[in-house]
Amino acid sequence: MKLPSNDIFMEKRPQAWVESSPWYNVAAGLSLFLFILITICVKANVHFFTTIEDKVTATMQANFGHPQLNYQGGFLNDIMTFVASYGDIVPMGIIVLIIAAVLFFKYRKSLAIWMVGTFGVMGVVGLVLKKLIHRMRPAGHLLADDGFSFPSGHSLAATMVIWMVIMILVPRIKSKGIRIIVTLLLVILWLLILFSRLYFSAHHLGDILGGVTLSLALLWGSMAGYARFFD
């Protein structure tokens with residue numbers, strides 16, 4: 001069956017992205033502004049911000065203690081272990097490569113390269129920021145969660161990949177009802193991954209918010225650039 005001319009995978013120029021490019025620019029700018037604000041609060045150790053973070057961490061530990069990353073701590077711990085294990089940058093990167101491979105060989109080579117490139121830039125930026133900000137993780141974090149804390153790698157990767165899927169692949173589902181259900185399930189998965197970082201005391205709240213806002217800024221900015229400069 002021939003795909004419609006307005007299909008993002010087949011048309012010469014992704015018209016839906018072109019029409020939405022101004023919105024992507026605004027969204028990317030707003031996300032970047034919030035990320036910079038969060039980064040300043042973290043780096044400058046702003047009292048009211050770190051106080052909120054400490055209260056959130058203390059509340060999580062008071063309610064859940066110090067759970068371990070295994071499937072022996074009950075239903076909630078099983079869910080948190082699963083999403084924490086598969087919501088990191090490596091599993092998410094594998095998902096991106098699989099999707100990109102299908103796009104490259106069956107639909108649009110440029111879109112596949114864009115996906116891999118955008119995810120790769122996110123990974124490099126996140127790694128550089130971790131080294132620059134040099135923030136320690138919360139007390140009581142798992143030994144497996146080594147390295148610096150800001151921004152959260154899980155938040156960066158999960159936000160990038162899940163919202164890529166929501167904005168690029170989900171619209172191809174013909175049934176509106178199924179599109180809504182799939183989107184809701186993906187959003188729930190995304191929120192569970194973010195929550196797992198607090199559950200395991202792997203990150204401060206600001207690390208998670210920083211990861212989300214930076215990832216969205218990169219994603220929307222990249223989409224705006226693709227729509228504008230694609231030839």
Side-chain angles (χ1 to χ4, degrees), residues 7-9 13-39 83 86-104 107-130 150-173 179 182-195 197 203 206-230:
D7 192 297
I8 186 174
F9 293 90
R13 190 171 174 85
Q15 189 63 28
W17 284 17
V18 173
E19 294 174 353
S20 300
S21 182
W23 184 90
Y24 294 147
N25 285 321
V26 172
L30 179 59
S31 297
L32 181 60
F33 171 77
L34 291 174
F35 171 73
I36 293 173
L37 187 62
I38 293 168
T39 304
V83 297
Y86 295 100
D88 203 358
I89 191 165
V90 173
M92 288 293 170
I94 292 173
I95 292 173
V96 168
L97 289 176
I98 293 173
I99 296 174
V102 174
L103 292 176
F104 188 87
Y107 297 105
R108 295 178 64 90
K109 290 181 173 60
S110 61
L111 188 59
I113 295 171
W114 169 84
M115 287 189 71
V116 174
T118 301
F119 188 85
V121 168
M122 176 218 70
V124 172
V125 171
L127 183 61
V128 170
L129 285 170
K130 281 179 178 286
F150 183 91
S152 163
H154 279 73
S155 302
L156 274 170
T159 300
M160 176 68 71
V161 175
I162 289 175
W163 285 98
M164 269 186 176
V165 172
I166 289 174
M167 301 182 75
I168 298 171
L169 301 182
V170 172
R172 285 178 52 81
I173 300 174
R179 285 200 306 270
V182 172
T183 300
L184 287 175
L185 290 175
L186 288 171
V187 170
I188 291 171
L189 174 61
W190 175 57
L191 293 175
L192 286 173
I193 293 172
L194 301 183
F195 182 77
R197 311 323 293 148
H203 287 285
D207 306 335
I208 298 168
L209 296 177
V212 169
T213 52
L214 175 59
S215 192
L216 290 177
L218 291 172
L219 176 59
W220 281 324
S222 182
M223 290 180 74
Y226 183 91
R228 181 177 180 183
F229 297 111
F230 177 78

Quick note, side chain to side chain donor-acceptor pair (under 3.5 Å) partners involving residues 118-129, not counting sequence neighbours, are Trp114-Thr118, Thr118-Ser222
Distance col, row Met167:CE vs Tyr24:OH, nearest 0.5 angstrom, shows 4.0 Å
With sequence neighbours left out, the residues meeting side chain to side chain contact (heavy atoms under 4.5 Å, CB included) with Ala217 are Ser31, Leu32
Heavy atoms of Pro151 and Gly126 approach each other most closely as CD-O, 3.9 Å
Smallest heavy-atom separation, Ala100 atom then Ala112 atom, equals O-CB, 3.1 Å
For residues Ile99 and Ile168, determine if any side-chain heavy atom of one lies less than 4.5 Å from a side-chain heavy atom of the other.
no
When every non-hydrogen atom of Val165 is compared with those of Pro171, the smallest separation belongs to O-CD, 4.5 Å
Val90 meets the side chain to side chain contact (heavy atoms under 4.5 Å, CB included) criterion, sequence neighbours left out, with Ile94
Between Ile208 and His203 the two heavy atoms that sit nearest each other are CG1-CB, 4.1 Å
Hits for ring pair (Phe, Tyr, Trp, His ring centres under 6.0 Å) against Phe33, two or more places apart or cross-chain, chain-then-number order -> none
Looking only at heavy atoms, the pair that brings Arg179 and Ile173 closest together is NH1-O, 2.7 Å
The reported gap from CG in Leu191 to CG in Leu186 (rounded to nearest 0.5 angstrom) is 11.0 Å
With sequence neighbours left out, the residues meeting side chain to side chain contact (heavy atoms under 4.5 Å, CB included) with Tyr86 are Tyr71, Phe82
Does a side-chain heavy-atom distance below 4.5 Å link Ile162 with Ile193? yes
With sequence neighbours left out, the residues meeting side chain to side chain contact (heavy atoms under 4.5 Å, CB included) with Ile89 are Phe119, Met122, Ala157
Value for OG (Ser152) from CG (Leu194), rounded to nearest 0.5 Å, stands at 7.5 Å
Original post:
Are Leu216 and Leu30 close enough, and set up right, to give a side chain to side chain contact (heavy atoms under 4.5 Å, CB included), and what steps lead you there?
Top reply: CA-CA 10 Å; Leu216 290 177; Leu30 179 59; over 6 Å; no
(message) Any heavy-atom pair between the side chains of Met115 and Leu103 that's under 4.5 Å?
(response) yes
Quiz item: Are Phe150 and Ile38 side-chain neighbours, meaning at least one heavy-atom pair lies under 4.5 Å?
Solution: yes
Counting only N and O atoms by type, is there a donor-acceptor contact under 3.5 Å from the side chain of Ser215 to the main-chain atoms of Met160? yes
Value for CG (Leu214) from CG (Leu209), rounded to nearest 0.5 Å, stands at 12.5 Å
Residues passing the side chain to side chain donor-acceptor pair (under 3.5 Å) test with Thr39, sequence neighbours excluded, are none
Closest non-hydrogen contact found for Phe35 with Gly210 is CD1-O, 3.3 Å
Sequence neighbours excluded, the answer for side chain to side chain donor-acceptor pair (under 3.5 Å) partners of Thr159 is Trp190
Practice prompt. Could you please spell out the steps behind the side chain to side chain contact (heavy atoms under 4.5 Å, CB included) verdict for Leu37 and Thr213?
Written response: CA-CA 10 Å; Leu37 187 62; Thr213 52; over 6 Å; no
